[in-house]
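The block underneath contains the structure these notes are about, expressed in structure tokens.
Basis for what follows: all heavy atoms, side chains included, without hydrogens, waters or symmetry-related copies.
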Amino acid sequence: MEEPRGDFCADEGCAGDVVVEKYLAESKVSASHVQLACRGPHCAFPVDGNELRVWNAEDPSCQLLILRGHHQPITAVAFGNTVDPLLICSASEDYVIKWSLEECREKVLQGSPPRGIIVGALLGKVRYLRFSPDDRVAAVCAGNKIFMLDVESQSTLTELEGHQGPVTAAEFCSWQAHVIISVSEDRSFKVWDHRLGSLMYSSSVLAASPLLSLFVDGRSQQLVTGCAAGQLWIFSVVEGHHYRCVTHVDLRKQGESFFTRRAGSHRCRPLGESQLPSASDLDHGDSSEVALPVLGLAPCDLSLALHPECAS
């Protein structure tokens with residue numbers, strides 16, 4: 001295990017109270033379209049293409065893990081859902097590799113290189129990875145297919161085919177372990193029974209732009225998907241609701257409305273927030289079209305960012 005080659009630096013943080021830069025990693029290969037992973041205090045990301053690094057944000061003294069096993073650039077990373085053992089999966093065009101963080105750290109302490117287990121090989125360019133709720137199955141989105149891999153037996157359980165374009169994301173339903181939902185550049189979402197390998201529902205074309213992101217909320221039993229043109233759709237996944245659309249959001253219009261309402265008001269500002277431009281400021285700015293692709297979706301607790309007196 002080598003020490004970081006001067007490309008990791010730490011300090012007390014900067015950039016205000018909301019976003020604080022703690023560490024910086026430099027890579028010789030761009031990772032702009034790579035699925036990165038966070039779970040609790042752990043962050044995982046590729047460096048120099050085929051090298052996976054895992055960093056503990058809460059305990060900087062904990063040795064940075066450097067995991068090697070891929071020959072091709074890593075294109076997707078995902079953590080498992082169970083804490084003990086905490087698993088991580090990485091994918092490239094050559095391999096899909098499962099790593100146990102505890103076993104990797106033990107190997108490092110013993111002076112041996114950490115080794116993962118290859119659970120899939122030569123599946124194509126992987127755009128997205130996700131573990132099932134029990135971490136026994138990994139959904140691997142490559143091309144127009146979703147490969148369901150058995151993590152324990154290192155075998156392919158089934159291949160879900162039906163999308164007419166590359167699959168960009170897939171998420172399991174936490175309240176229905178056999179159900180997985182996918183979105184694609186074909187601008188639709190599909191609902192599958194991955195145990196039977198069958199299609200349960202296919203949406204119509206939602207937009208003129210590819211769907212890029214997906215989030216499935218177990219509490220409300222709703223799915224949220226976003227496209228390359230800054231549009232969001234929310235659908236109900238409650239049984240009997242027939243995947244009806246709950247609402248549609250245009251991020252550009254929402255942003256303009258937000259700036260208009262904020263003009264002259266400083267109440268309920270996020271901690272450390274600087275003055276935001278008003279709608280008129282935007283009108284007098286650059287007239288070129290600003291793209292708002294929804295690259296990722298995740299839950300957010302606003303109570304951590306807003307002043308205590310703000311009701312949220």
Exercise: do S182 and W192 side chains pair donor with acceptor under 3.5 Å: yes
Note, I117 side chain near K98 side chain (heavy atom, < 4.5 Å): yes
Check side chain to side chain contact (heavy atoms under 4.5 Å, CB included) between V191 and all other residues, then give those that pass, not counting sequence neighbours. V179, I181, F189, M200, Y201, Y243
So do the side chains of L86 and H42 get within less than 4.5 Å of each other, counting heavy atoms only? yes
Distance-only check: which donor-acceptor pairs under 3.5 Å involve side-chain atoms of residues 226-234, not counting sequence neighbours?
residue	atom	partner	partner atom	Å
Q231	OE1	H248	NE2	2.6
Q231	NE2	D250	OD2	3.0

Distance only, no hydrogens: is a donor on one side chain within 3.5 Å (strictly under) of an acceptor on the other, for S112 and K107? no
State, with a plain yes or no, whether a side-chain heavy atom of L101 is found less than 4.5 Å away from one of L87. no
Taking the side chain as everything from C-beta on, heavy atoms only, tell me whether R53 gets closer than 4.5 Å to L67. no
Does any non-hydrogen side-chain atom of L149 lie less than 4.5 Å from one of L123? yes
S155 side chain to D150 side chain, donor-acceptor N/O pair below 3.5 angstrom: no
The reported gap from CG in D193 to OG in S198 (rounded to nearest 0.5 angstrom) is 4.5 Å
Pair H163-N144, side-chain donor/acceptor within less than 3.5 Å: no
Can you tell me which residue pairs pass the side chain to side chain donor-acceptor pair (under 3.5 Å) test with a partner in residues 123-132, sequence neighbours excluded? R127-E185, Y128-R130, Y128-E171, R130-E171, S132-D134
If only side-chain N and O atoms count, and only distance matters, is there a donor-acceptor pair under 3.5 Å linking S92 with H71? no
Are the aromatic ring centres of H241 and F235 under 6.0 angstrom apart? no
